[in-house]
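One structure is given here, and the rest of the page talks about it.
First the proteins, then the strands, lettered A, B, ... as listed; each starts at 1. Reckoned from all heavy atoms, side chains included, excluding hydrogens, waters and symmetry mates. The shown structure was predicted, so the numbers you read here are calculated from the model rather than taken from an experiment.
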2 protein chains.
Amino acid sequence: MAARATSKTSESSDKVSVICRALRRAIIEQALEPGAKLPEDSLGERFGVSRTIARHALGQLAAEGLVELRRNRIAVVATPSWQEARNAFDVRIELERLVVRQLAGKLTKAQIAELNAHVDAEDGARGGTDAVSIRLATEFHILLAQMTNSPILVRYVSEVAYRCCLTLSLYSRPHSTECAINEHRAIIAALAKGDEAKVMDLMHHHLDSVANRALVAPAPQRGRDLLDILAPYADEATNDRVVKLPKVARRG
Amino acid sequence: MAARATSKTSESSDKVSVICRALRRAIIEQALEPGAKLPEDSLGERFGVSRTIARHALGQLAAEGLVELRRNRIAVVATPSWQEARNAFDVRIELERLVVRQLAGKLTKAQIAELNAHVDAEDGARGGTDAVSIRLATEFHILLAQMTNSPILVRYVSEVAYRCCLTLSLYSRPHSTECAINEHRAIIAALAKGDEAKVMDLMHHHLDSVANRALVAPAPQRGRDLLDILAPYADEATNDRVVKLPKVARRG
DNA sequence: CGCGCCCCAATTGCATGCAATTTGATGGCG
DNA sequence: CGCCATCAAATTGCATGCAATTGGGGCGCG
């Protein structure tokens, strides 16, 4: 039993949720930067679905605050203002303090092992690309939230964590995530010891330092080709290579 | 730049958001009970849109946790388990404590007047139907959240408040909201005085008592006709009476 | 030389149609 | 009399098509 089957935030049908996951991941890994355009056609083409589905997916992501939808205009990856970023971190701190409060002293050995394994993975990824490091660091927090068995906490922590990633790509410089690994380890240790007050403090300061490292100065925008950017994500999404849409030709 | 225009949670196009608002309100006023079926056809018919749009709206509401989407099955109003209800209240407490913490001592006179006016309205509605009382009580909390100027807080507080309404209709008995009015007044007073610690405590206990009043025993289900239930909401949504869909006939 | 207008390609907004799945009812069988 | 198989109606999942809006480039005008 334990976890419930539905797990994910809501994830209506199948195709829609596949696209959402792919785009979330593309955003979290900063392959899609804030402001990047997301035309329904291109998404549909890339993921092998109709515009209807692509559109639905964009709607979901907009509800999560990752995408901005303007009437009659091309959807874009959200570009949070500095103030919104600060707000997001404030909310995140409270939510994650709640997470660790609920978890302190209640984790099974298996769960602790799972957390440690995850941080090991983060450690192992230090040599690799920033994208992976960022993703793993974020997923650590989501993993924690999942252990509360509170779907609503999972959803909110996930959303707000993704949003914070967005702001990191806007306002932060690379390599700022590495030293977080030790903080993750400290949190696990405090959770295992069951020291509620301490783990809440650790989490608070951890997030504070992430926020402070991040919220310093604005950054420019690069502009790449959407189809190229999404290629690896689409491949992974439809494990059936590219697609089945018979009609539409590639843009080139 | 001060406030931004978009305000609402995301609300893609227009028709979709109209339907979402109508359904949210129907749910919050307990006209639509947990478990109530929401066939795309009927929604489309009632609101004068195609199934595509009705479906999109259901997707949004599912993302908010108000509606449950099961593949190939009719969507239903969500039926949170007792545990989920408890979790929702836990999250809500933290979020709303954050709200009042940010607001304590920072409200303008106009804002305080607005809050008092709202509670006056709640007071005035005591004679009326439960539906209106419940809605107003919930909207008080949303109004507070809006005053933080933090879109993400507004969104989360709104969502979780709606969800809590859902659980109230499941697990609570009528008339349980009335005495909340005094607590609302006390919160306003403490906010005005700027007593951060006290207002956080007040909010905490307020929500605790709402939760405790609510989470006691399960309740049965009535079953009415969806089209009838939605009539007043649809009327208000399309201020153009019922509608233009030529084809589908009423179910009866 | 710069500024504004117009027109066309690109794109969204939405309804409709068709195939696939589920629901519920009917009838046969133990 | 109750239970399961079978079939039709209801419903979803999704692609497609068409009208409306946008944005951008080129042209004319000041």
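- Contact annotation: A:Arg55 reaches the phosphate of C:dG13 (side-chain N/O to OP1 or OP2, under 4.0 Å).
- Counting only residues at least two apart or in different chains, salt bridge (charged side-chain N to carboxylate O under 4.0 Å, His left out) contacts with residues 140-153 of chain A are absent.
- Distance from the side chain of B:Pro39 is smallest for D:dT12 among the nucleotides C:dG24, C:dG13, D:dT12.
- End-to-end axis angle of the helix from C:dC1-D:dG30 to C:dG30-D:dC1, using five pairs per end and rounding to 10°, comes to 20°.
- Between A:Cys164 and A:Arg92, some side-chain heavy-atom pair lies under the 4.5 Å cut-off.
- Atom CG in A:Leu43 sits roughly 13 Å away from atom C1' in C:dT11 (whole-Å rounding).
- The interatomic distance linking B:Asp41 (CG) with C:dT22 (C1') rounds to 14 Å, in whole Å.
- A heavy-atom distance below 4.5 Å is not found between the side chains of A:Phe89 and A:Val160.
- Considering only side-chain atoms of A:Ser50, the nucleotide from C:dT12, D:dT16, C:dT16 that sits closest is D:dT16.
- Between the P atom of C:dT12 and the CD atom of A:Glu68 lies a distance of 15 Å, rounded to the nearest Å.
- OP1 or OP2 of D:dA15 sits under 4.0 Å from a side-chain N or O of A:Lys15.
- Ranking C:dT11, C:dT21, C:dT16 by closeness to the B:Asn72 side chain, first place goes to C:dT21.
- Separating the NZ atom of B:Lys37 from the P atom of C:dT23 is a distance of 9 Å, rounded to the nearest angstrom.
- Residues satisfying the side-chain contact (heavy atoms from CB on, under 4.5 Å) test with A:Ala54, not counting sequence neighbours, are A:Leu43.
- Look at NE2 on A:His56: it is 12 Å from C1' on D:dT12, rounded to the nearest Å.
- Between B:Leu69 atom CG and D:dG13 atom C1' the separation is 11 Å, expressed in whole Å.
- Sequence order on DNA chain C of the closest nucleotides to A:Thr52 and A:Glu40 puts A:Glu40 first from the 5' end.
- The separation between B:Asp14 atom CG and D:dT21 atom C1' is 15 Å, rounded to whole Å.
- Across the protein-nucleic acid pair, B:Arg70 atom CZ and C:dT22 atom P stand 12 Å apart, rounded to whole Å.
- Put simply, B:Arg73 has a side-chain N or O that comes within less than 4.0 Å of OP1 or OP2 on C:dT23.
- For A:Arg71, the side-chain atoms get nearest to C:dG13 when compared with the rest of C:dT12, C:dA15, C:dG13.
- The side-chain hydrogen bond (donor to acceptor under 3.5 Å, both in side chains) check on B:Arg51 picks up B:Glu40, with sequence neighbours excluded.
- By the side-chain contact (heavy atoms from CB on, under 4.5 Å) test, A:Leu115 pairs with A:Leu107, A:Phe140, A:Leu143, A:Leu144, A:Met147, A:Ile188, sequence neighbours left out.
- When the side-chain contact (heavy atoms from CB on, under 4.5 Å) test is applied to A:Val76, the partners found at least two apart in sequence or on another chain are A:Lys37, A:Glu68, A:Arg70.
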